[in-house]
Amino acid sequence: MKKFFLASALVGCCVMGASSQELIEPTFGDNWQIGLDAGVTTPLKGHSFLGNIRPAIGVHVGKQVSPLFGLGIESMFGINTSSVNGGRHSKTAFDDSYLGAYGTFNLTNAFLGFSCDQRPFTVDALLGIGWGHEFVSYGSDTNHIDAKAGLNFNFAVSDNFSIALKPSVQWNLTGNGTPYKNMGMNAHRANFNLAVGFNYNFGPGFECVTCPPDNSAELSELNSRVNALRADIDGRDAALAAANARNAELTAALAAAESKPAKVVKENTLSSVRYVFFKIGSSVITPDQMPNVDMIAAYLNNHPKAKVQIRGYASPDGSIEVNERLATARAQSVKNSLIKKYRIAADRIDAKGEGIGTMFAEESWNRVSICTLEE
């Protein structure tokens, strides 16, 4: 049953869409209390207030049925000290007794609002009704109906233990043969009680479930990001398809070029091609490749009007984006070397990356910058 209330509270607060706490309805076995009361009792009016004070002890059993209301039963016994009723002894160890039912109203929760966390201090208003009995040494004992009203000042010691200061007034409503035998609340037939209660509390108290805050804006943002990622994936698929088509075209062009017979021309009209190869994942020109760069620089120095076209490539290792950047970096690396080391004018050099190369069957050969010298 408690799981049902927990689920209901979660659904309720999530429907409200705000961060809050919802009370879980307790079961019958929750929030019982048993306690021992010890204090004093004395007539409220018509007798000496201090002169008739005597000890009193009692027990009580109660249940907090909601954060505001509680019910219980209690008993209280005034101990015979021969001080009451002019010092006359009763026939027992007690002067009087009371057995009754009571209800409590939590003033703290009523005025400050219910808290799911245990409060260190609370105040209850108490109303009760029950059976009163007086033990006398003269004549017969008397019985009467009593009403009770008071306050409980509760101090939490731990999750299960508490101490309560309990002032109250108890009225004899039906009289016991005194001149004030008319029924009703009469101060001459009332006792003032002051007791300290030592209580043990069973059960977890009133549990709450915390509702999550409204996160619709966050969910909307996450959905937008998911949609953007899906669109990005679609774009990458399209780019990959285009790259594959480009690779197929290059492969076909290379096969066609390889099938053509070599064309022999005069040396002074020949377009010269040089290759600068790179290590995997690198755009740094290694020392063994510098002779090729020297040859390109020498040609450009010997032919002041000549230009060079540099095209950088990468092997298929890694992602398309990385290889595209790497191909551009390899072309720029050759260009920068010609400018900085050999003082070749930048406007004579056309450097550009071409992405993944498929010119050579040996994949490592495609990590290259192809330099075409033109008059």
Task: Gap between atom CH2 of Trp171 and atom CG of Asn191 - 0.5 Å precision - done: 11.0 Å
TODO: Apply the side-chain contact (heavy atoms from CB on, under 4.5 Å) test between Phe153 and each candidate in Val196, Thr122, Val123, Ile163; give the one that qualifies.
DONE: Val123
Open item on the list: For the backbone of Thr108 and the side chain of Asn106, can you confirm whether one donor and one acceptor N or O come within less than 3.5 Å of each other?
Closed with: yes
- [ ] Report the hydrophobic cluster partners of Val59, with the cluster defined as I, L, V, M, F, W, Y residues connected by side-chain heavy atoms closer than 4.5 angstrom, directly or transitively.
- [x] Leu36
Open item on the list: Could you check whether any side-chain heavy atom of Arg236 comes within less than 4.5 Å of a side-chain heavy atom of Glu321, counting everything from C-beta outward?
Closed with: yes
TODO: Indicate yes or no for a side-chain donor-acceptor contact from Ser369 to the backbone of Arg330 under 3.5 Å, with no hydrogens or angles considered.
DONE: yes
Open item on the list: Using side-chain heavy atoms (C-beta onward) and a distance below 4.5 Å, is Val308 in contact with Asp350?
Closed with: no
Task: Under 4.5 Å side-chain linkage, directly or through intermediates, the cluster mates of Ile320 - done: Leu240
TODO: Group every Ile, Leu, Val, Met, Phe, Trp and Tyr by side-chain heavy-atom contacts under 4.5 Å, then state whether Tyr275 and Trp365 land in the same group.
DONE: yes
Open item on the list: Working note: Leu151 + Asp124, criterion side chain to side chain contact (heavy atoms under 4.5 Å, CB included); need CA distance, chi angles, decisive distance, verdict.
Closed with: CA-CA 6 Å; Leu151 295 172; Asp124 293 332; over 6 Å; no
Task: Chi angles and distances behind the side chain to side chain contact (heavy atoms under 4.5 Å, CB included) call for Arg246, Asn244 - done: CA-CA 5 Å; Arg246 174 63 175 165; Asn244 289 334; over 6 Å; no
Open item on the list: Is there a path of hydrophobic side-chain contacts, each under 4.5 Å between heavy atoms, that joins Leu250 and Tyr313?
Closed with: no
Task: Polar side-chain atom of Gln289 near backbone of Phe277 as donor-acceptor pair, under 3.5 Å - done: yes
Task: Full working for salt bridge (Lys or Arg N to Asp or Glu O under 4.0 Å) between Asp317 and Arg367 - done: CA-CA 10 Å; Asp317 308 281; Arg367 304 167 194 147; 3.3 Å; yes
Task: pair Gln170-Asn193: side-chain heavy atoms closer than 4.5 Å - done: yes
- [ ] Nearest 0.5 Å please: distance from the CD1 atom of Ile310 over to the OG atom of Ser333.
- [x] 9.5 Å
Task: Intermediate values then yes/no, side chain to side chain donor-acceptor pair (under 3.5 Å), Thr42 and Asn52 - done: CA-CA 5 Å; Thr42 188; Asn52 287 282; 5.4 Å; no
Open item on the list: What verdict does the side chain to side chain contact (heavy atoms under 4.5 Å, CB included) test give for Phe135 and Asp95, after you've listed the backbone C-alpha separation in whole Å, the side-chain angles of each residue and the deciding distance to 0.1 Å?
Closed with: CA-CA 5 Å; Phe135 302 90; Asp95 291 321; 6.0 Å; no
Task: Atom CG of Leu44 with >12 non-hydrogen neighbours under 6.0 angstrom - done: yes
Task: Nearest-0.5 Å distance that lies between atom NE2 in His60 and atom OG in Ser75 - done: 10.5 Å
- [ ] Tell me who clusters with Leu99, hydrophobic residues only, linked when side chains sit under 4.5 Å apart either directly or through other members.
- [x] Trp131
Task: Ring geometry between Tyr200 and Phe161 (parallel below 30°, tilted from 30 to 60°, perpendicular above 60°) - done: perpendicular
TODO: Return yes when atom CE of Met290 has more than 12 non-hydrogen atoms of other residues, nucleotides or ligands closer than 6.0 Å, and no otherwise.
DONE: yes
Task: Least distance between heavy atoms, Phe69 atom then Gln64 atom - done: O-NE2, 3.2 Å
Open item on the list: Strictly below 4.0 Å, N to O, side chains only: are Arg311 and Glu354 in salt-bridge contact?
Closed with: yes
Task: Donor-acceptor contact present, side-chain Lys307 to main-chain Thr372, <3.5 Å - done: no
Open item on the list: Please determine whether residues Phe105 and Ile129 belong to a single hydrophobic cluster, defined as Ile, Leu, Val, Met, Phe, Trp and Tyr linked transitively by side-chain heavy-atom distances below 4.5 Å.
Closed with: yes
- [ ] Could you tell me whether the side chain of Arg230 reaches within less than 4.5 Å of the side chain of Asn227, counting heavy atoms only?
- [x] yes
Open item on the list: Test side chain to side chain donor-acceptor pair (under 3.5 Å) on Asn201 and Asn31; report intermediate values, then the result.
Closed with: CA-CA 7 Å; Asn201 305 294; Asn31 303 325; over 6 Å; no
TODO: Please check if any side-chain donor atom of Ser315 sits under 3.5 Å from a side-chain acceptor atom of Asn366, or the reverse.
DONE: no
Open item on the list: Looking at Asn247, is its backbone amide N or carbonyl O close enough to the side chain of Thr251 to form a donor-acceptor pair, meaning the two atoms are under 3.5 Å apart?
Closed with: yes
Open item on the list: Do Phe278 and Val368 make a side-chain contact, defined as non-hydrogen atoms from C-beta onward lying under 4.5 Å apart?
Closed with: no
Open item on the list: Please check: side-chain N/O of Asp30 versus main-chain N/O of Trp32, any donor-acceptor pairing under 3.5 Å?
Closed with: no
- [ ] Provide the closest heavy-atom pair for Ala346 versus Ile339 in the form atom of the first, atom of the second, distance.
- [x] CB-CD1, 3.7 Å
TODO: Check for a donor-acceptor pair, side chain of Arg274 on one end and backbone N or O of Ile370 on the other, with a separation under 3.5 Å.
DONE: no
Open item on the list: So does Ser216 get a backbone contact from the side chain of Ser220, meaning a donor-acceptor N/O pair under 3.5 Å?
Closed with: no
TODO: For Asp347, enumerate each residue passing the salt bridge (charged side-chain N to carboxylate O under 4.0 Å, His left out) test, keeping only those at least two apart in sequence or located in another chain.
DONE: none
TODO: Please name the pair of heavy atoms, one in Ala331 and one in Gly312, separated by the smallest distance, quoted to 0.1 Å.
DONE: CB-N, 3.7 Å
- [ ] For Lys166, check salt bridge (charged side-chain N to carboxylate O under 4.0 Å, His left out) against everything at least two apart and list the hits.
- [x] Asp37
Task: Fellow cluster residues of Tyr102, listed by chain then number, with links counted only when side-chain atoms sit under 4.5 Å apart - done: Leu126
- [ ] Drop me the distance from Met185's CE to Leu173's CG, to the nearest 0.5 angstrom.
- [x] 5.5 Å
Task: Distance-minimising heavy-atom pair for Gly35 and Asn199 - done: CA-OD1, 3.8 Å
TODO: Provide the closest heavy-atom pair for Gln332 versus Ala351 in the form atom of the first, atom of the second, distance.
DONE: NE2-O, 3.8 Å
Open item on the list: Quick one: does any side-chain atom of Glu324 pair with a main-chain N or O of Gly353 as donor and acceptor, under 3.5 Å?
Closed with: no
Task: Asp232 with Arg225: basic N within carboxylate O range, under 4.0 Å - done: no
Task: Verify same cluster id: Leu222, Leu229 (apolar side-chain graph, 4.5 Å) - done: no
TODO: Go through Gln309 and Lys352 one step at a time and tell me if the side chain to side chain contact (heavy atoms under 4.5 Å, CB included) criterion holds.
DONE: CA-CA 8 Å; Gln309 184 185 83; Lys352 185 170 67 174; over 6 Å; no
- [ ] Mind checking the OG-CG spacing from Ser337 to Asn292? Nearest 0.5 Å is all I need.
- [x] 11.5 Å
- [ ] Sort out for me which residue in His133, Arg54, Met76 forms a side-chain contact (heavy atoms from CB on, under 4.5 Å) with Asp96.
- [x] Arg54
Open item on the list: Taking Pro67's backbone N and O only, do any of them form a donor-acceptor pair with Asn109's side chain (distance below 3.5 Å, no angle check)?
Closed with: yes
Task: More than 12 heavy atoms from other groups under 6.0 Å of CZ on Phe111 - done: no
TODO: Identify the heavy atoms of Phe360 and Leu254 that sit nearest to each other, and give their distance.
DONE: N-CD2, 4.3 Å
Open item on the list: For the CD atom of Glu374 and the OH atom of Tyr299, what is their distance to the nearest 0.5 Å?
Closed with: 9.5 Å
Task: Close side-chain approach of Ile344 and Asn301, heavy atoms under 4.5 Å - done: yes
